[in-house]
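In what follows, a structure is listed as structure tokens, so that the remarks can point back to it.
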Amino acid sequence: MADNFDDITALARHCKYTTCHHNGEEGCEVQRALEDGRLEASRYAAYLKMKNELHVLEKRTAVLQ
């Protein structure tokens, strides 16, 4: 996923906390980029969608094992 969203990955390296979920936490650079226009909302929405799809896939895979 990082390859597809290298811009968001780069921003995330500057978040205050390494465990940031980029969902409103204090010191989130991704949220700051959304607010100041460096990151488009549609790009962030695509990131969240893929992140969710990967999470669902991981859960399904775990059940099958």
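- Residue Ile8 holds its CD1 atom at 5.0 Å from CG of Leu39, rounded to the nearest 0.5 Å.
- Taking OG1 of Thr9 as the reference point, atom CG of Asp7 lies at 7.5 Å (rounded to 0.5 Å).
- In this structure, Val30 and Cys15 approach most closely via the heavy-atom pair N-SG, 4.2 Å.
- Separation of atoms CD (Gln31) and CG (Asn23) is listed at 6.5 Å; rounding is to 0.5 Å.
- The backbone N or O of His22 sits less than 3.5 Å from a side-chain atom of Glu25, completing a donor-acceptor pair.
- With contacts defined as side-chain heavy-atom distances shorter than 4.5 Å, the pair Glu29/Arg38 qualifies.
- No more than 12 heavy-atom neighbours from other residues, nucleotides or ligands sit within 6.0 angstrom of CD on Glu40.
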Open item on the list: Between Lys51 and Phe5, is the side chain to side chain contact (heavy atoms under 4.5 Å, CB included) condition met? List the steps.
Closed with: CA-CA 10 Å; Lys51 186 176 176 181; Phe5 295 97; over 6 Å; no
